Amino acid sequence: MSKSDNWSFETRAILKGQSPDPSTGATIIPIYQTSTFTLDGIGKNKGYCYSRTGNPTRSAAAECLASLEDAKFGFIYPSGIAAINSALQLFKSGDHIVTCQDLYGGAHRLFTQILTPLGMEFTFADARYTDEIIKAIKPNTKLVWLETPSNPMMHLCDIEAVVTCVKEINARENRKIFVACDNTFASPYIQRPLNLGVDLVMHSCTKYLGGHSDLLLGALVTRDEQMAERLAYLQNATGSIAGPFDCWLLMRGMKTLAVRMKQHHANALEIARWLEKNPRVLKVNCPALESNPQYALYKKQMDLYNGMLSFEVDSDFDSVKAMVEKFEIFQLAESLGGVESLICHPPSMTHAAVPVERRLELGIKDTLIRLSIGIEDVKDLLVDLEQAFASLPSKVESLAN
Ligand SMILES: *Cc1c(COP(=O)(O)O)cnc(C)c1O
């Protein structure tokens, strides 16, 4: 325990793991762009020998993020998917993993197309219902992999309820099923799953942690020393490491995480309420709205909301596709979590590879639009939405066609 462990979130985000550089006094951690480190003598180093094994810029970013998640150990990977892949390497052929039905598409592909042929087994449950997750647990289940809020429907799963049930099974059957959580959509400012009993937290730092759509990184953090030792071993053995420049950008991003998340929350809530009142909107998916069936869980589990929501337009496929091209501030792009607002049409973009019947089962209709709401002035964002909605053919016109 060091003094800095008592600092509040905002202070740790700026300073944790980032004391001035001992050799020069540089206030900001330098980008240690070096592959190797010169030894003082055989077996005498300053904590680093080779950058695959460890690099000071990467260590600083990992220490800062671990602190923000109230973890003890952190690891930074070249992408979110690389972090998920490393987490799954803790398990082996024959192991069964229970996860969410509406899992991030890239994780779904990794699980079904890469890890299933290697002998791992996956069950995709409707994670809104804790019972569904618990029902899917089998004798060879070793991991429950959660993701909340989900994409693009913003469904939540009750992290604490899942952990409680899994711990009961572990105690009753004298076994160890781990629980992990992809915390990308919430960010540690809003939700800290380790405090709810989860064993491992994963991030795509590409999103809110980086916050500026200018890097690709992933992370794993844990309090479990044995797991951390294995993750360090795996990272060095498989070479799944992030470069120092990207880690430096991540540290810069994390310094403003708290102020950014407050603004994402405020802008998203105002836009969600505006959409809810719009006669051309059939449904708004945002658990921070009082009308959402998961509002109580949102209040229990998350300190604030993020900038993500989706909504169904009362129109048809072609008109909605035309509408998303009409935006002037919202940029038509995949990804999320940056300071700039993005708009996405999941059925023809992020979820185009999902078969149409499956999409409909998940509630991803052809008229669904997803927004990643940035931190611009919300007045400008509302004007942009208004002019894009004005481009929709009226219902009478579209009936006539
Ligand atoms: C983007 C994302 C990932 C994958 O991260 P990359 O950095 O793109 O590899 C994983 N999970 C969630 C929830 C994401 O949004």
Side-chain angles (χ1 to χ4, degrees), residues 58 61-62 65 69 74-89 97 99-115 122 124 127 143 145-157 159 180-191 193 198 200-221 235 238 240-243 246-247 249-250 253-254 257 261 264 268 285 287 302 305-310 333-338 342 344 346 349-354 362 364 370-374:
R58 195 167 90 230
L65 177 55
E69 283 284 0
F75 302 89
I76 311 289
Y77 299 90
S79 68
I81 283 295
I84 301 176
N85 190 41
S86 290
L88 271 289
Q89 284 179 350
I97 289 110
T99 185
C100 320
Q101 222 172 42
D102 48 355
L103 189 68
Y104 175 72
H108 187 273
R109 179 174 54 206
L110 174 68
F111 292 177
T112 56
Q113 306 303 309
I114 310 291
L115 299 177
F122 295 86
F124 299 88
L143 173 69
W145 182 273
L146 303 174
E147 180 186 323
T148 179
S150 78
N151 176 28
M153 303 306 288
M154 314 304 151
H155 291 152
L156 307 183
C157 56
I159 301 173
C181 184
D182 180 338
N183 204 28
T184 300
F185 264 48
S187 92
Y189 187 64
I190 287 180
Q191 176 173 282
V198 159
L200 181 67
V201 166
M202 173 263 155
H203 275 285
S204 166
C205 312
T206 312
K207 316 296 168 52
Y208 285 110
L209 289 171
H212 297 75
S213 307
D214 54 8
L215 63 86
L216 227 89
L217 285 178
L220 294 175
V221 300
Q235 186 166 46
T238 64
S240 189
I241 56 118
D246 291 340
C247 292
L249 275 178
L250 170 61
M254 289 192 294
L257 181 65
M261 292 321 289
H264 284 298
N285 301 307
M302 300 172 76
Y305 195 61
N306 57 16
M308 297 303 297
L309 57 83
S310 60
E334 298 189 3
S335 199
L336 59 113
L342 304 180
C344 156
M349 295 168 67
T350 49
H351 291 67
V354 181
L362 295 172
I364 307 169
R370 185 188 83 178
L371 301 179
S372 170
I373 295 160

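Start at 1 and go down the list; that is how both ligands and their atoms are numbered. A quick note: this is a predicted structure, and the numbers were derived from the prediction, not measured. Numbering starts at 1 and runs along the sequence shown.
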**Message:** Less than 3.5 Å apart, any donor N or O on the side chain of Ser240 or Thr238 sitting next to an acceptor on the other?
**Reply:**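 Ser240 vs Thr238: no donor-acceptor pair found between side chains.
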**Prompt:** Tell me, do Cys205 and Met254 make a side-chain contact under 4.5 Å, heavy atoms counted?
**Reply:** no
**Complete:** Less than 4.0 Å from some atom of ligand 1, heavy atoms are found in residues Ser79, Gly80, Ile81, Tyr104, Glu147, Asp182, Thr184, Phe185, Met202, Ser204, Thr206, Lys207, Leu217
**Phe75 side, atom CZ; Met202 side, atom CE - distance, nearest 0.5 Å** =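 Here the rounded value is 15.0 Å.
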**Message:** Please report the interatomic distance CD1(Ile190) to OH(Tyr208), rounded to the nearest 0.5 Å.
**Reply:**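 That separation rounds to 7.5 Å.
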**Message:** Checking side-chain contact (heavy atoms from CB on, under 4.5 Å) between Thr148 and each of Gln191, His155, Met302, which is the one that passes?
**Reply:** Gln191
**Prompt:** Which pair of heavy atoms, one from Glu147 and one from Cys157, lies closest together, and at what distance?
**Reply:**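 The pair with the smallest heavy-atom distance is O-SG, 4.2 Å.
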